[in-house]
Amino acid sequence: DVPSHLDDLPPTLLKKDYANLPIMNSVDDVVKRLLSLEMASQKEKMKVKTQQLVEKVRRSPNDNGSFELLSPFFTVAILTARIRTLEEHLQRHPKDKKNRRYMLMGLDRRRKMLGYLRRVNYSTFENTCKQLDIQYSPPQPYARRVTKRWLVKKAFCMKVFQEKQKLKAAERLKQRREWQARARAARAQQE
């Protein structure tokens with residue numbers, strides 16, 4: 001007694017443990033569906049997504065220690081998988097504030113990593129963005145909201161700073177004259 005909605009399902013992607021077993025060709029579709037990623041736990045799905053993204057950016061099959069797979073690049077791939085999983089979750093559960101926060105934190109962290117990768121090795125940065133299908137936008141410069149109070153405070157701070165600079169300039173001039181007088185006295189003694 002197989003439910004009718006299970007009959008018309010396309011063959012699905014099997015979990016890693018079961019994909020290469022020869023018996024899987026002769027197993028019923030319901031069993032295949034149970035062993036597929038569709039029925040997998042969130043942790044297993046995350047693992048597969050992360051692995052797929054890392055495979056995309058890997059230079060060769062035995063590339064385990066290149067610069068890209070070390071901290072920034074590997075982290076970008078993992079964060080991208082996590083962000084995409086959270087985006088899917090938030091599509092179904094839009095009021096989930098905790099996971100929205102986790103997604104925003106991941107986006108922030110990924111942006112920082114991409115910024116670092118962009119500064120260090122631009123060609124690798126471009127390749128990463130292309131392979132992982134990421135659109136990088138540099139962070140906006142900090143802009144303070146201008147208020148009357150802030151303008152008055154800034155004007156006062158500027159005035160204090162200028163007065164302090166004037167006092168320092170007079171002090172430095174006095175010090176310089178003392179050094180010059182000592183230097184002249186030392187030269188006079190040598191002659």
Side-chain angles (χ1 to χ4, degrees), residues 42 46 49-50 52-54 56-59 63-191:
Q42 195 62 34
M46 235 339 252
K49 281 182 186 179
T50 304
Q52 286 174 344
L53 289 175
V54 169
K56 272 186 179 181
V57 292
R58 186 172 275 175
R59 290 182 185 166
D63 181 15
N64 293 322
S66 71
F67 168 72
E68 288 87 359
L69 289 176
L70 297 175
S71 89
F73 195 72
F74 192 65
T75 308
V76 167
I78 292 170
L79 286 171
T80 302
R82 202 172 292 156
I83 288 165
R84 289 183 181 158
T85 303
L86 287 170
E87 282 175 345
E88 290 171 11
H89 174 78
L90 288 170
Q91 290 292 321
R92 289 178 305 222
H93 309 284
K95 292 185 178 183
D96 188 351
K97 303 295 183 207
K98 182 179 176 184
N99 282 320
R100 181 173 306 282
R101 182 171 174 268
Y102 285 146
M103 185 185 77
L104 292 174
M105 286 167 42
L107 283 168
D108 229 19
R109 194 160 161 224
R110 184 178 73 177
R111 185 180 298 122
K112 287 178 186 176
M113 287 288 181
L114 284 171
Y116 170 75
L117 203 57
R118 185 177 185 211
R119 283 192 312 275
V120 172
N121 191 343
Y122 192 79
S123 62
T124 304
F125 162 77
E126 280 185 330
N127 184 38
T128 305
C129 288
K130 189 172 128 189
Q131 292 294 327
L132 299 177
D133 196 27
I134 299 172
Q135 282 191 329
Y136 176 78
S137 57
Q140 296 295 318
Y142 176 73
R144 185 180 183 94
R145 195 168 137 238
V146 178
T147 59
K148 274 186 180 178
R149 180 180 179 194
W150 182 76
L151 286 172
V152 170
K153 187 176 179 181
K154 185 175 179 182
F156 178 70
C157 288
M158 293 295 288
K159 191 173 183 180
V160 168
F161 179 74
Q162 288 167 352
E163 292 296 320
K164 186 84 170 165
Q165 292 293 41
K166 286 178 188 175
L167 291 173
K168 281 184 180 178
E171 189 71 32
R172 274 190 245 126
L173 184 63
K174 183 179 170 187
Q175 233 176 13
R176 191 178 305 130
R177 288 186 179 152
E178 286 176 8
W179 290 337
Q180 287 172 348
R182 284 189 209 143
R184 277 191 223 115
R187 268 189 257 134
Q189 278 184 347
Q190 287 178 354
E191 294 174 357

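Heads up: numbering here begins at 1 and tracks the sequence.
- Under the rule for a ring pair (Phe, Tyr, Trp, His ring centres under 6.0 Å), the partners of Tyr136 that lie at least two apart in sequence or sit in another chain are Phe125.
- Contact record, Leu90 with Arg100: CD1-CA, 3.7 Å, taken as the closest heavy-atom pair.
- Considering only residues two or more places apart in sequence or on other chains, Val146 meets the side-chain contact (heavy atoms from CB on, under 4.5 Å) condition with Trp150, Leu151.
- Among pairs with a residue in residues 112-140, none fulfils salt bridge (charged side-chain N to carboxylate O under 4.0 Å, His left out), at least two apart in sequence or across chains.
- Glu171 meets the salt bridge (Lys or Arg N to Asp or Glu O under 4.0 Å) test with no other residue; sequence neighbours excluded.
- Looking at residues two or more places apart in sequence or on another chain, you find a side-chain hydrogen bond (donor to acceptor under 3.5 Å, both in side chains) between Arg111 and Asp108.
- Applying the side-chain contact (heavy atoms from CB on, under 4.5 Å) rule to Glu178 yields the partners Lys174, Arg182; only residues at least two apart in sequence or on another chain are considered.
- With sequence neighbours excluded, the residues forming a side-chain hydrogen bond (donor to acceptor under 3.5 Å, both in side chains) with Arg110 are Thr80, listed by chain and number.
- With sequence neighbours excluded, no residue forms a salt bridge (Lys or Arg N to Asp or Glu O under 4.0 Å) with Lys95.
- Note that CG of Leu79 is 5.0 Å distant from CZ of Arg109, once rounded to the nearest 0.5 Å.
- In this view, Asp96 and His89, Asn99 satisfy the side-chain hydrogen bond (donor to acceptor under 3.5 Å, both in side chains) rule, not counting sequence neighbours.
- Considering CE of Met158 and CD of Gln165, their distance stands at 10.0 Å, rounded to 0.5 Å.
- Separation of atoms CZ (Arg82) and CE (Met105) is listed at 10.0 Å; rounding is to 0.5 Å.
- Scored by the salt bridge (Lys or Arg N to Asp or Glu O under 4.0 Å) test, Arg84 finds no partners at all (sequence neighbours excluded).
- What you find for Cys129 and Leu114 is that their closest heavy atoms are SG-CD2, 4.2 Å.
- Every residue two or more places apart in sequence or in another chain that forms a side-chain hydrogen bond (donor to acceptor under 3.5 Å, both in side chains) with Glu88 is listed here: Lys49.
- Here ring pair (Phe, Tyr, Trp, His ring centres under 6.0 Å) pairs that include residues 166-191, with residues two or more places apart or in two chains, number zero.
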